[in-house]
Amino acid sequence: MEIPQNCQDALVNGIQQIGSANVDLKPSHSFALGARINSAAETITVFVCKEISHTVLKDCETSKRAVFYSTLFSHEAYQVKGNVTQIEPLSEEDRSASKEHCEKFIQATTEMGMPPENTRKIFGLTADTAITIELEQIFDQTPGPNAGKPIS
């Protein structure tokens with residue numbers, strides 16, 4: 001699957017959320033604390049903290065489906081749908097990337113006038129779990145004429 005560079009940049013640098021659903025299709029949601037794309041394997045690995053993501057993790061384990069959403073402050077946004085292929089402890093390399101991602105987000109929101117202690121309540125947590133999603137389809141969610149259209 002060919003992923004345009006601007007889409008890759010938005011997916012790994014945006015405000016990130018991950019969702020799933022249980023067997024009764026009741027949705028679950030959590031903030032993500034970073035992500036990594038493997039273009040060759042056509043996967044995205046999403047970094048989460050078990051403390052705030054336990055329902056999403058449980059749903060990903062049982063339904064094997066996930067949705068990942070990322071948006072930039074410019075309103076450019078993308079949604080990824082796919083199958084969960086792996087849930088595992090976060091590697092040190094990914095833990096470091098997650099920490100850097102969150103620090104940049106806290107800095108950006110602080111510069112916009114949001115008190116950093118508010119943002120740190122979520123983005124000051126330490127990611128400890130990786131959810132790998134096999135890319136099935138990516139949708140443009142940027143407001144405008146292409147919103148909702150697949151890009152892949």
Side-chain angles (χ1 to χ4, degrees), residues 1-22 24-49 51-60 63-87 90 94 97-127 129-152:
M1 168 183 312
E2 183 70 29
I3 306 170
Q5 189 61 50
N6 67 314
C7 178
Q8 289 186 48
D9 293 344
L11 288 172
V12 298
N13 295 312
I15 305 163
Q16 304 166 342
Q17 301 173 53
I18 186 165
S20 191
N22 66 17
D24 296 322
L25 301 181
K26 180 180 177 186
S28 57
H29 161 272
S30 184
F31 284 100
L33 304 175
R36 166 177 46 82
I37 294 174
N38 182 332
S39 296
E42 297 186 350
T43 61
I44 186 164
T45 299
V46 181
F47 313 145
V48 298
C49 173
E51 181 182 339
I52 63 167
S53 304
H54 58 276
T55 304
V56 168
L57 287 163
K58 180 181 173 189
D59 290 346
C60 284
S63 73
K64 300 292 184 193
R65 296 287 293 163
V67 174
F68 174 71
Y69 178 83
S70 185
T71 186
L72 298 175
F73 290 114
S74 66
H75 298 338
E76 182 179 359
Y78 297 94
Q79 180 187 63
V80 173
K81 291 184 180 181
N83 293 313
V84 175
T85 59
Q86 194 166 19
I87 299 173
L90 208 60
D94 286 342
S98 171
K99 184 176 180 183
E100 183 179 326
H101 171 80
C102 291
E103 286 172 358
K104 286 180 183 177
F105 181 75
I106 292 166
Q107 180 181 352
T109 57
T110 300
E111 290 171 2
M112 293 170 46
M114 186 177 291
E117 59 273 13
N118 292 352
T119 311
R120 284 189 202 291
K121 289 177 183 176
I122 298 292
F123 296 94
L125 297 171
T126 301
T129 305
I131 303 171
T132 300
I133 304 166
E134 183 178 45
L135 300 174
E136 184 177 289
Q137 210 162 20
I138 302 173
F139 297 90
D140 187 340
Q141 295 296 343
T142 305
N146 291 324
K149 291 184 180 176
I151 67 163
S152 57

Contacts of type side chain to side chain donor-acceptor pair (under 3.5 Å), residue Ser63, not counting sequence neighbours: Ser20

Salt bridge (charged side-chain N to carboxylate O under 4.0 Å, His left out) against Asp140, all qualifying residues, sequence neighbours excluded: none

Residues in side chain to side chain donor-acceptor pair (under 3.5 Å) contact with Thr132, at least two apart in sequence or another chain: Thr45

For Lys104, salt bridge (charged side-chain N to carboxylate O under 4.0 Å, His left out) partners two or more places apart: Glu100

Short side-chain to backbone donor-acceptor contact, Thr71 and Glu76, under 3.5 Å: yes

Derivation of the side-chain contact (heavy atoms from CB on, under 4.5 Å) call for Val46 and Gln16: CA-CA 9 Å; Val46 181; Gln16 304 166 342; 5.6 Å; no

Polar side-chain atom of Ser98 near backbone of Gly34 as donor-acceptor pair, under 3.5 Å: no

Min side-chain heavy-atom separation Phe105-Phe73 under 4.5 Å: yes

Parallel, tilted or perpendicular, as decided by the 30° and 60° cut-offs, for the rings of Phe31 and Phe123: perpendicular

Flag side-chain contact, heavy atom, 4.5 Å: Ser39 against Gln8: yes

Where Ala130 and Leu90 come nearest, the two heavy atoms and their spacing: CB-CD1, 3.7 Å

Partner residues of Arg65 under the side chain to side chain donor-acceptor pair (under 3.5 Å) criterion, sequence neighbours left out: Asn83, Glu136

Heavy-atom side-chain contact between His101 and Leu33 under 4.5 Å: no

Between CD1 on residue Ile133 and NZ on residue Lys81, distance to nearest 0.5 Å: 12.0 Å

Asn6 side chain near Tyr78 side chain, heavy-atom distance below 4.5 Å: yes

Donor-acceptor pair between Glu103 and Gln107 side chains, under 3.5 angstrom: no

4.5 Å side-chain heavy-atom contact, Ser53 and Ile18: no

Residues in side chain to side chain donor-acceptor pair (under 3.5 Å) contact with Gln5, at least two apart in sequence or another chain: Asp9

